[in-house]
Amino acid sequence: PSLVVLGRDFGLEGKARKILEELGASELASALQVEWNARLFSAAGRADFRRQLISLNPRLHEHGPAEIDRTLRHELAHLLAQSRVGRRRVAPHGSEWKKACRGLGIGGEPRTHALPFPVQKRTRRFIYICPRCGKEFPRVRRIKRSVACLDCCRQFNRGKFDRSAQLRLLSEER
């Protein structure tokens, strides 16, 4: 077994910067950081556009360099898609992300990995309800911003946020 070092990986960071510069995203490339994060449990990686940070799961080492490269490019696609559109919000695995994947050489990339990482079962302590249709939404964490029932927003407000479908806390288990 090889030793996995947590924290920043300057080698992968340099590789990612080179890839981004070749795609004309030199501003993103200069700010980018890549790290190994042991707190990632079932996710292979995570991209944080605000911090210009890609976090990778150390368990990727068990699956070889090709999987590390693919996951790095997957997460780079998230950052690249967001940087291309500016302030507008981008769907996590939408058309902008797919276009970025093609540019990064991973066209046809699936939304999620198929790696045998353990799935963490967590108790969903918070139950929210849509006042419009009555559908319940169990959640692990408390919702901190205004969130509405997507089905009701699509049906009654052409997919835009509808305050009448804003989720309300029904109960909290302790």
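- With a 4.5 Å cut-off on side-chain heavy atoms, Trp97 and Pro92 do not count as touching.
- Put simply, CZ on Arg132 and CG on Asn157 are 8.0 Å apart, with the number rounded to the nearest 0.5 Å.
- For Glu21 and Ser26, the side-chain atoms include no donor-acceptor pair closer than 3.5 Å.
- In this structure a side-chain-to-backbone donor-acceptor pair under 3.5 Å is present from Asn57 to Ala43.
- When hydrophobic clusters are built by joining Ile, Leu, Val, Met, Phe, Trp and Tyr residues whose side-chain heavy atoms come closer than 4.5 Å, directly or via intermediates, Val90 is not grouped with Leu104.
- Put simply, Phe49 and Leu80 are part of the same group of oily side chains (I, L, V, M, F, W, Y) that touch within less than 4.5 Å, one to the next.
- With Glu96 as the fixed residue, the side chain to side chain donor-acceptor pair (under 3.5 Å) test singles out one of Arg88, His78, Gln82, Arg84: Arg88.
- Using cut-offs of 30° and 60° on the angle between ring planes, the pair Phe126 and Tyr128 is tilted.
- Considering all non-hydrogen atoms of both residues, Asn37 and Arg39 come closest at OD1-N, 2.8 Å.
- Residues Pro58 and Leu6 meet the side-chain proximity criterion, which asks for heavy atoms closer than 4.5 Å.
- Between Arg145 and Ile143, the shortest heavy-atom contact is O-CG2, 3.1 Å.
- The distance from the SG atom of Cys149 to the CD atom of Gln166 is 12.0 Å, given to the nearest 0.5 Å.
- In plain terms, the two heavy atoms of Gly107 and Arg102 that are nearest each other are CA-CG, 3.9 Å.
- Between Phe117 and Leu40 the shortest side-chain heavy-atom distance does not fall below 4.5 Å.
- Under the 4.5 Å side-chain heavy-atom criterion for grouping Ile, Leu, Val, Met, Phe, Trp and Tyr, Val34 is not connected to Leu53 through any hydrophobic cluster.
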Practice problem: Verify side-chain contact (heavy atoms from CB on, under 4.5 Å) between Leu28 and Leu76, making sure each step is shown before the conclusion. | Solution: CA-CA 10 Å; Leu28 175 60; Leu76 276 174; 5.8 Å; no
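- How far CD of Glu62 is from CD1 of Ile68: 10.5 Å, rounded to the nearest 0.5 Å.
- By the 4.5 Å heavy-atom criterion applied to side chains, Arg73 and Ile19 are counted as neighbours.
- Following chains of ILVMFWY side-chain contacts shorter than 4.5 Å, one cannot reach Leu167 starting from Ile127, and the two form parts of different hydrophobic clusters.
- Inter-residue side-chain proximity for Ser164 and Phe156 is flagged as unmet; no heavy-atom pair is nearer than 4.5 Å.
- Atoms CD1 and CD, from Ile54 and Gln52 in turn, are 9.5 Å apart once rounded to the nearest 0.5 Å.
- Side-chain contact between Pro116 and His63 is present, with at least one heavy-atom pair separated by less than 4.5 Å.
- Counted within 6.0 Å of CZ on Arg124, heavy atoms from surrounding residues, nucleotides or ligands total 12 or fewer; the atom is thus considered open.
- A salt bridge is defined here as a Lys NZ or Arg NE, NH1 or NH2 lying under 4.0 Å from an Asp or Glu carboxylate O, and Glu75 with Arg46 fails to meet this definition.
- Ile129 CD1 to Leu170 CG: the interatomic distance, rounded to the nearest 0.5 Å, is 5.0 Å.
- Using a 4.5 Å heavy-atom threshold, the side chains of Leu56 and Leu12 count as touching.
- Across all their heavy atoms, Leu23 and Gly103 have their closest contact at CD2-O, 3.5 Å.
- The cationic atom of Arg59 (NZ for Lys, CZ for Arg) lies less than 6.0 Å from the six-membered ring centre of Phe41 and within 45° of the ring axis.
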Quiz prompt | Verdict with supporting geometry, Glu13 and Gln33, side-chain contact (heavy atoms from CB on, under 4.5 Å) | solution = CA-CA 6 Å; Glu13 212 169 274; Gln33 292 184 5; 3.7 Å; yes
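- Going from atom OG1 of Thr112 over to atom NE2 of His74 covers 8.5 Å, rounded to the nearest 0.5 Å.
- Inter-residue side-chain proximity for Lys18 and Lys15 is flagged as unmet; no heavy-atom pair is nearer than 4.5 Å.
- Distance alone, capped at 3.5 Å, places no donor-acceptor pair between the Arg125 side chain and the Glu172 backbone.
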